[in-house]
Amino acid sequence: MLVEMARDTEVFGSVKIHELQRVLKFDSGDFENPRVCNVPFESIRDVLKRMAIIIPVKNENMHLLDGVLRAIPFHCSVILVSNSDRDTHDVYKIETDAVTNIHELTQQEILCIHQKDPALGDAFHKAGYDSILDKKGLVRDGKSEGMIAGMMLAKSIGKDFMGFIDADNYIPGSVREYILDFAGGLCMSKSSYSMVRLHWKYKPKVVEDKFYFKKWGRVSETTNKFLNLLLSEHTGFETGVIVTGNSGEHALTTKLADIMTYSSGYSVEPYHYVYLFENFGPDAENTVNPDAVTAGVEVFQIETLNPHLHEEKGRKHIRRMLAGSLSTVYYSKLSNDGIREKIVEEIKDLQKSCRKPKENARMPPIGGIDVGKFMKGLQKDSKTYLRLKQGEIGGEAKHEKSSLH
Ligand code: GDP
Ligand code: CO
């Protein structure tokens, strides 16, 4: 893969944020050019083998999920965390049927769990991780909550890297690219604490009867503006380095995933930045993780070649995402009155009843959870956990538990 070199890197304490890098070509010849990063396919494949792709899903169109599942490179393991309805129609059953079918045809390793499985809530409770639970002791609704459950499963199968892909993507070929971009970015990193975030070249919309290749949406533009402001006010130098504040499609090393704190629902992605600034910025007390401070945390932002086309979820969804995103900056200890006032101004048309954005719930790092114990409890009691192991094509599938009741 050929990726443009980052022209500049913003250094904030021990966090390095590389400027946007374009994918120049998916494959490459054997040559040296100081202006480009040439990542050999063998290196990409080595990363894919050590990576789990986590798909959070909630009642998405099955055609889209099916395309996404098929597009994931064979060497990755797939982890589906579903919060889909099970009452009137058991959507989870339809999802796991699709997964089982793909596994039978391809023998790719696939794990599934339902977010509302009481055994999952119980496993988190026994691990002392109650901040992910609702009053009934079940894992709360929310994309972030599903992602954390997925991370635990990725750790249980010993993965070193985790990537996240949404289930509502219309173009399977773009999903495949995103995962190769994750691997390419991770190969470029010099630190074992690193993250790759994707930025689409375009997000096409239909305007009247034509495609319009839009570059920015209100949520991403505004979130990036405020994350950059937070950074600029602390360094004294204006920056626009952050272009991936809401990047749902991102990947990170398990070592970094283990030490991060997570914000709930859709605020999870912008909070990654806020967390890194607060804990690894120049004013951080260097006690959070001395190893990561020494190694440095690297953030890569890659511009995809493919456009991004996903389900439009409506204005209410956009409003919720924007308020959740800006709340991460509003409540940051690095924020100031000027930034907070600007945020209130930005969202005043969204939240008529309240001047301040609602504070997001936060969930502590998962690194302290004993994965062995967590999985033992989960496997014993779960009625939704399914692990279809990788096997030889044509060989017998190795099911760990395949009965869904
Ligand atoms: P957007 O693309 O960022 O506007 O947000 P989406 O609504 O498309 O959500 C991103 C992904 O998260 C999709 O695959 C959703 O189905 C999934 N998702 C949303 N809410 C939840 C949830 O509560 N739990 C899980 N597991 N997935 C969710
Ligand atoms: Co979407």
Side-chain angles (χ1 to χ4, degrees), residues 53-69 71-72 78-86 91-92 94-96 98-99 111-117 120-121 124 132-134 138-154 162-172 174-175 178 197-200 203-205 214 216-224 244-250 262-272 304 307-325 328 360-361 363 384-385:
I53 294 298
I54 299 167
I55 311 174
V57 59
K58 187 173 182 185
N59 300 325
E60 298 293 353
N61 183 315
M62 274 311 296
H63 291 288
L64 303 191
L65 175 64
D66 187 62
V68 168
L69 287 167
I72 298 171
V78 181
I79 298 175
L80 188 79
V81 184
S82 171
N83 194 16
S84 300
D85 296 342
R86 303 203 70 190
V91 180
Y92 184 60
I94 302 171
E95 290 162 354
T96 50
V99 159
L111 282 70
C112 302
I113 188 120
H114 196 275
Q115 197 159 327
K116 296 293 175 187
D117 187 330
L120 182 64
F124 276 119
I132 199 169
L133 303 177
D134 64 14
L138 300 175
V139 172
R140 263 197 319 266
D141 287 331
K143 181 189 167 199
S144 176
E145 286 73 358
M147 288 164 67
I148 292 174
M151 290 194 244
M152 290 305 298
L153 297 191
M162 311 173 180
F164 298 89
I165 291 283
D166 289 351
D168 62 339
N169 197 309
Y170 276 96
I171 311 174
S174 71
V175 170
Y178 300 163
R197 305 169 76 91
L198 302 187
H199 171 72
W200 342 113
K203 226 169 164 178
K205 308 255 172 222
K214 208 169 162 22
W216 298 104
R218 177 169 174 201
V219 178
S220 53
E221 201 169 9
T222 315
T223 305
N224 293 334
T244 55
N246 290 101
S247 177
E249 265 71 11
H250 63 271
Y262 297 97
S263 186
S264 63
Y266 289 108
S267 61
V268 55
E269 284 96 5
Y271 186 69
H272 287 150
T304 65
H308 189 68
L309 199 62
H310 71 146
E311 284 271 90
E312 291 300 328
K313 306 266 166 68
R315 289 173 62 178
K316 197 169 156 207
H317 172 67
I318 302 273
R319 282 208 297 269
R320 207 170 43 176
M321 257 184 104
L322 186 57
S325 298
T328 64
N360 302 304
M363 291 159 283
T384 73
Y385 173 71

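For ligands, and for the atoms within them, numbers begin at 1 and follow the listed sequence. Numbers for residues simply follow the sequence, beginning at 1.
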Answer yes if the side chains of Ser220 and Asn246 hold a donor-acceptor pair under 3.5 Å, and no otherwise.
-> no
Mark up the atoms of ligand 1 that fall under 4.0 Å of a heavy atom belonging to Ala167, in ascending order.
-> 14 (O)
Does Gly248 reach ligand 1, in the sense of a heavy atom lying below 4.0 Å from it?
-> no
How many degrees, to 10°, between His310 ND1 and Asp168 OD2 as seen from the Co ion (ligand 2)?
-> 100°
Nearest protein heavy-atom contact for atom 19 (C) of ligand 1: which residue, which atom, what distance?
-> Tyr266 OH, 3.3 Å
What residue and atom, counting heavy atoms only, is the protein's closest point to atom 6 (P) of ligand 1, and at what distance?
-> Lys313 NZ, 3.2 Å
Just which atoms of ligand 1 are under 4.0 Å from any heavy atom in Val81?
-> 26 (N)
Asp168: numbered ligand 1 atoms lying under 4.0 Å from its heavy atoms = 8 (O)
Which ligand 1 atoms are under 4.0 Å away from a heavy-atom of Met321?
-> 3 (O), 4 (O)
Do Lys205 and Glu312 sit within salt-bridge range, that is, some charged N less than 4.0 Å from a carboxylate O?
-> yes
Between atom OG1 of Thr222 and atom CE of Met321, what is the distance when rounded to the nearest 0.5 Å?
-> 11.5 Å
What atoms of ligand 1 come closer than 4.0 angstrom to any heavy atom of His310?
-> 1 (P), 2 (O), 4 (O)
for atom 24 (N) of ligand 1, nearest protein heavy atom and its distance come out as Gln115 OE1, 2.8 Å
Go through ligand 1 atom by atom and flag the ones less than 4.0 Å from a non-hydrogen atom of Val57.
-> 16 (O), 25 (C), 26 (N), 27 (N)
Can any side-chain N or O of Tyr266 pair as donor or acceptor with the backbone N or O of His317 at less than 3.5 Å?
-> no
Mind checking whether Glu60 contacts ligand 1 via backbone (N, CA, C, O), side chain (CB onward), both or neither, at a 4.0 Å heavy-atom cut-off?
-> side chain
Indicate whether the side chain of Asn360 and that of Thr328 have a donor and an acceptor atom separated by less than 3.5 Å.
-> no
Is a side-chain donor-acceptor pair under 3.5 Å present for Asp141 with Asn83?
-> yes
Using a heavy-atom cut-off of under 4.0 Å, does the side chain or the backbone of Lys58 touch ligand 1, or both, or neither?
-> both
Compute whether any side-chain donor of one residue and acceptor of the other, for Glu269 and Ser247, lie under 3.5 angstrom apart.
-> no
Any idea which protein heavy atom is nearest atom 23 (O) of ligand 1, and the distance to it?
-> Gly142 N, 2.8 Å
Is the distance between the ring centroids of Tyr385 and His114 under 6.0 Å?
-> no
Check: Tyr170 ring centre within less than 6.0 Å of His63 ring centre | no
Atom 17 (C) of ligand 1 has as its nearest protein heavy atom Pro56 O, 3.4 Å
Any idea which part of His317 is under 4.0 Å from ligand 1, heavy-atom wise: side chain, backbone, both or neither?
-> side chain
Looking only at atom types and distance, does a side-chain atom of Arg140 sit under 3.5 Å from a main-chain N or O of Asp134, one as donor and one as acceptor?
-> no
Using 30° and 60° as the class limits, which term best fits the ring planes of His272 and His250: parallel, tilted or perpendicular?
-> perpendicular
What distance do Leu69 atom CG and Leu64 atom CG have between them, rounded to the nearest 0.5 Å?
-> 11.0 Å
Near Asp166, which atoms of ligand 1 are under 4.0 Å from a heavy atom of that residue?
-> 2 (O), 10 (C), 11 (C), 14 (O)
Under a 4.0 Å heavy-atom limit, does Met147 contact ligand 1 with its side chain, its backbone, both, or neither?
-> neither
N/O of Asn83 under 3.5 Å from N/O of ligand 1, yes or no?
-> yes
